[in-house]
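Since the model is a prediction, treat every value here as computed from it, not as a measurement. Below, chain A is the first sequence line, B the second, and so on; all start at residue 1.
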Amino acid sequence: MARQKILFLLSFFLLLILERQGLANEKILKSVTQGGILPGLQAQYTEYKLDNGMRLFVVPDARNPVATIHLILDAGSDREQLGTTGLAHFFEHMMFRKTKDAPEGNYDRVLNSVGGTGNAGTSDSFVTFYSVFPSPALETMVALEAQRFTHLDLTNPFFETEKGAVISERKLRVENDPMQRSQEILRSIVERGTPLEWMTIGAKADVENMKLAAAQKFYEDFYTPENTIMIVGGPFKPENVAALVEKYFSSWPKKAVPERTALDESYFTRDLQKSFVCSAPVNTKRFNVIYPAPKGSLKDMVYTALFSAILDNQPDGTFERRLVKKKLATGFSFYKEFWKNLSSALNVGFTLTKNQGFEDVKSYWFKSVEQVLKTPLTDKIKNQVLKQLEVSDAESADKMTSLVSNVVESAYFFHDVNVSTEQRKLVKKATSANLKAWIQENLNPKNFYVTGVVPIGEAPSCPELLANLNKETK
Amino acid sequence: MRFLKHVLFSVSVLNTASAAWAQNSQLQSTRPAIFSKPVALDWRSIPWQTINYNRLAVDGGGAIYTLPSSEALKFKLSFVFPGGVYTQPRSDRTAYGAMIDLMVLGGFGNLNFEEIQNYTIEYGINLQTSLNAYGQVVVSADALARDFDRTLALLEALMLAPRFEAAALPLWKQQSLDGFQSLRDGNTVQKQMRFIEAEANKIAFGKDHYFASLIERISPKEVQAVEQNKIKDLFQKTINRNGLNVSLSGSFTPENIKKVEHLITQIPRLEPQTKTWLPNRNLQGTTPKIHAAVIQKSDMTQSNITLRYYFSTLGKLNPIEEMQVEILGEIFSSKGGVVGNDRFTKALRADSGLSYSPSASFSGTVVSPNTNVGAFYLNFQSPNEKIAEAVNLAKKTWEKFVTKGVSQEELDNTRTAMMNRILASEYTVFNKMDLVMDQILRGDAPTADPLASALLRLDAVRDAKALNATLFHLFQAKNAPVLIMMGNPPEEQLAQLKAFPDLDLIEKTEIDSMIHYNAEAR
């Protein structure tokens, strides 16, 4: 088997011996930590740190001859400023266009030629790039990634052309949808004065007027090794991956990342008990009850799950099912915004028909929270959440790419790869008393504000609401 | 990590899927990171892992296909019933959809829906009823291996003791109407494609075609008309072991297989049923002009567009032609998730910046089962005020492709890239089973080594002249071109489109005229 494979690799890349000689001259990185990814399962990771500050995680997995590279950076839209909104996302697009000493479109052509597929994504708190490709192409792909992270060539006409694609994407995701357009305005109201005020895709005028110099500064400020985590999965020895990454990324100069300013404490209290409701050409209503909170922890994630499990555990159905049966709402969502750098609100969402009233569903929500407060945390509920974790881990263990996604999320959001083990410990330790305390703190019936979009005629239009509030502020 | 919701702004395009691979791969490569030409892998030396599934015939016309894995922690069990929605008359199709939902929502055994929901949440069981691409009813469940018996008990009750509680139907109607309203209002590409599909198929195949009535059969009027007795009647005709295909993959024991076999013997044995294609299978007619229509939706600043070329014989290709068409499709619009590396995304996005996500693909018989028709779809977006420019660019890009053909270099690069991409497939026991079942349900004998087989066929396409001969022969044949634009293009743009000599413009359809309303719902 090994002999066959070496022959195959030789035929693919030809210069095995030379390359191994090359690797022998590379600095050998020492691993920082090693450990399991999922409790009770064999999946392992090894973490390294380059001298320039970049962190590398390697997830060895020999089940298939396939590899993946993820890079995740703290360079999302909360790093932007008014006037250059949308830059983080626009920049993500530019990362695919041109690097120095290579023709335009080289990244995609090389990726495609090795049989790889890939994409990228931007949110308010991060940007991520990822690809999947045959494992023998690892060095090609590491070199290719290093090229664009260290030698991007921001240049025209590609910069101007890409604006067209971003403007089209903005129309597709925001402008074409009255609900999204309204949410954009509501966001500018409730997040005013913070870097969360604009949507990740940015304001239309800012995208249209985006300047090369602003993009160059964003690249220099935030595309830095200390701001980057790289995760590689595939049939590799971790030390070999580390040597390759060192070879191609060690010349990336170390540079301090501009510090983020924490949100002022008043942000978390300034709108409590307020309601921001506006109208748009929609036939369904959408309301959100938002409980502002500073950056959350893994405990918040676990307790959110325990709260949900109790909320749903009724003989007449889950909370959403009860809402539908009682004709109070047609849809329900409940989540902690754990991915945000600056805050971590609990967000409760309701979708209503035009004949349903928000006050009814709001009142039912508060009564239900009260009911959960009075309900003891039983072993049945804890076992149910543990079971959900176990099933989720079994699904992650199924594929190398899923394991790597798990490491990306854990390392970036929770700074701890072994999140699943910690989650289980927290579930087991949870008691009725500490869950009750958490609910009282995080779902306090006085500590929320409301946003809503309703059909035309039921409230001022969203632009009118914004204008009215601006007048009041002045 | 179920708790962690993805919040990415763009969507990932990750391949899945193969072969056991030895540890300790070296990381050698001196390939330049600047593109010159794809290097072909020596795929023949790879020890491909065959898919060693088993087939167990069950008395009465059923069969169990099994594929075990010692690594998997879960199992997946699926029952695919013969017949399906395509065998039903038009008047029963909405009720058939209701039946699929109400098999669970209406309760079964001694559990009502709420109890089923609580039970499946408690034990992490994923239970589903659905329709597959062939219109057949699929009942499936997956769970941790140790929960096999309780999962099988749920499936048994679902198939043998449904309750179809009377109160569930009005609630289903309410939720269906709410869902339809959301579909009608939503301006996402996915939602709008359903309206665009219906309109395109109406023009190509006529209004009676199954795919032309896509919107009609989920419209308020049809939903309100569904009756409880009809649902029960359809269920009785559907649950049949004569022609039943069951698949079991992942972690399970021989004892588990025996229990599945026993369950199948309890399912009634009815008359054999075959997949049937009831609507007419012929194109309305071929024409050199593009038949165009606008679905008017005034709240859109950008239009979602499809330009389709329906060919009357492209659905019946031989295996060599199939692979040639696949390569041609890749040259025209790559599925590799890269931009500007193919003709279509280069024209519509990389060079012009007109459209964020243009894509094109060939559709053979899967979308139009039992017909001879195959189609090439070009989907893209355009700002309303540039719609004539975008349509013209898409049209010209296609015309150049089918009249000038492809170069030897394009063929070589594309073939090699496609072969390399197959090597990036990530196999699991579950997607291997999906591959097997897909072939069985198509009526093909499953290939034990599907990746090697695909590579072999790709590797054989080496001559650009032969490829162009197929291209000219197939794509210059008479066809029925259809253009549907959903959005709010200004009159001035429509006037420009009308001036195109190869375009028969234009029916303008208000979105609500596609929907069957009754008085109350409207």
Report which part of [X] has an atom under 4.5 Å of a heavy atom belonging to chain A: side chain, backbone, both, or neither.
X         : answer
Asp351(B) : backbone
Tyr123(B) : both
Leu144(B) : side chain
Asn126(B) : neither

Can you tell me if [X] uses its side chain to pair, donor with acceptor, with the backbone of [Y] under 3.5 Å?
X         : Y         : value
Asp185(B) : Val282(A) : no
Arg97(A)  : Ala350(B) : yes
Asn118(B) : Gln314(A) : yes

Atom pair [atom1]/[atom2] of [X] and [Y] - distance to nearest 0.5 Å:
X         : Y         : atom1 : atom2 : value
Asp108(A) : Thr345(B) : CG    : OG1   : 8.0 Å
Thr428(B) : Asn64(A)  : OG1   : CG    : 8.5 Å
Leu41(A)  : Glu71(B)  : CG    : CD    : 11.0 Å
Thr330(A) : Leu177(B) : OG1   : CG    : 11.5 Å
Lys171(A) : Ser382(B) : NZ    : OG    : 9.0 Å
Phe430(B) : Glu395(A) : CZ    : CD    : 9.0 Å

Are the charged groups of [X] and [Y] less than 4.0 angstrom apart, N to O?
X         : Y         : result
Glu114(B) : Arg322(A) : no
Arg349(B) : Glu162(A) : yes
Lys387(A) : Glu122(B) : no

Below 4.5 Å, heavy-atom pairs only: which of [options] has the largest tally toward chain A?
options                                    : answer
Asp142(B), Asn304(B), Asp178(B), Val429(B) : Asp178(B)
Arg184(B), Glu115(B), Gln174(B)            : Gln174(B)
Thr301(B), Asp147(B), Asn488(B)            : Thr301(B)

Exercise for review: Taking the side chain as every heavy atom from C-beta outward, state whether Leu171(B) and Lys327(A) have any atom pair closer than 4.5 Å.
Suggested key: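 No - every pair of side-chain heavy atoms lies 4.5 Å or more apart.
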So which part of [X] gets closer than 4.5 Å to some heavy atom of chain B, the side chain, the backbone, both or neither?
X         : result
Lys380(A) : side chain
Phe133(A) : backbone
Asp124(A) : neither
Arg170(A) : neither
Met400(A) : both

Exercise for review: Under the side-chain contact (heavy atoms from CB on, under 4.5 Å) rule, what do Lys325(A) and Phe113(B) come out as? Steps first, then yes or no, please.
Suggested key: CA-CA 12 Å; Lys325(A) 281 163 65 173; Phe113(B) 173 70; over 6 Å; no
**Study point:** Other residues, nucleotides, ligands: >12 heavy atoms within 6.0 Å of Lys76(B) NZ
**Key:** no
Point to revise | Within 6.0 Å of NZ in Lys297(B), more than 12 heavy atoms from elsewhere | key: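 Count over threshold, so yes.
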Exercise for review: Using distance alone, with no hydrogens and no angle criterion, decide if Asn112(A) and Arg421(B) have a side-chain donor and acceptor under 3.5 Å apart.
Suggested key: yes
Of all of [options], which one pairs up most often with chain B through heavy atoms under 4.5 Å apart?
options                                    : value
Val142(A), Leu172(A), Thr353(A), Asp177(A) : Leu172(A)
Glu160(A), Glu175(A), Gln180(A)            : Glu175(A)
Ser125(A), Ser168(A), Gly164(A)            : Ser168(A)

Check your understanding: Which is it for Gln181(B) and Thr284(A) under the side-chain hydrogen bond (donor to acceptor under 3.5 Å, both in side chains) test, yes or no, and what are the steps along the way?
Key -> CA-CA 8 Å; Gln181(B) 190 63 49; Thr284(A) 51; over 6 Å; no
Review point. Do you know which two heavy atoms are closest between Leu73(B) and Ala397(A), and how far apart they sit?
Key: CD1-CB, 4.5 Å
Point to revise | Pair Lys74(B)-Glu390(A), salt bridge (Lys or Arg N to Asp or Glu O under 4.0 Å): steps then yes or no | key: CA-CA 10 Å; Lys74(B) 296 182 72 178; Glu390(A) 193 182 357; over 6 Å; no
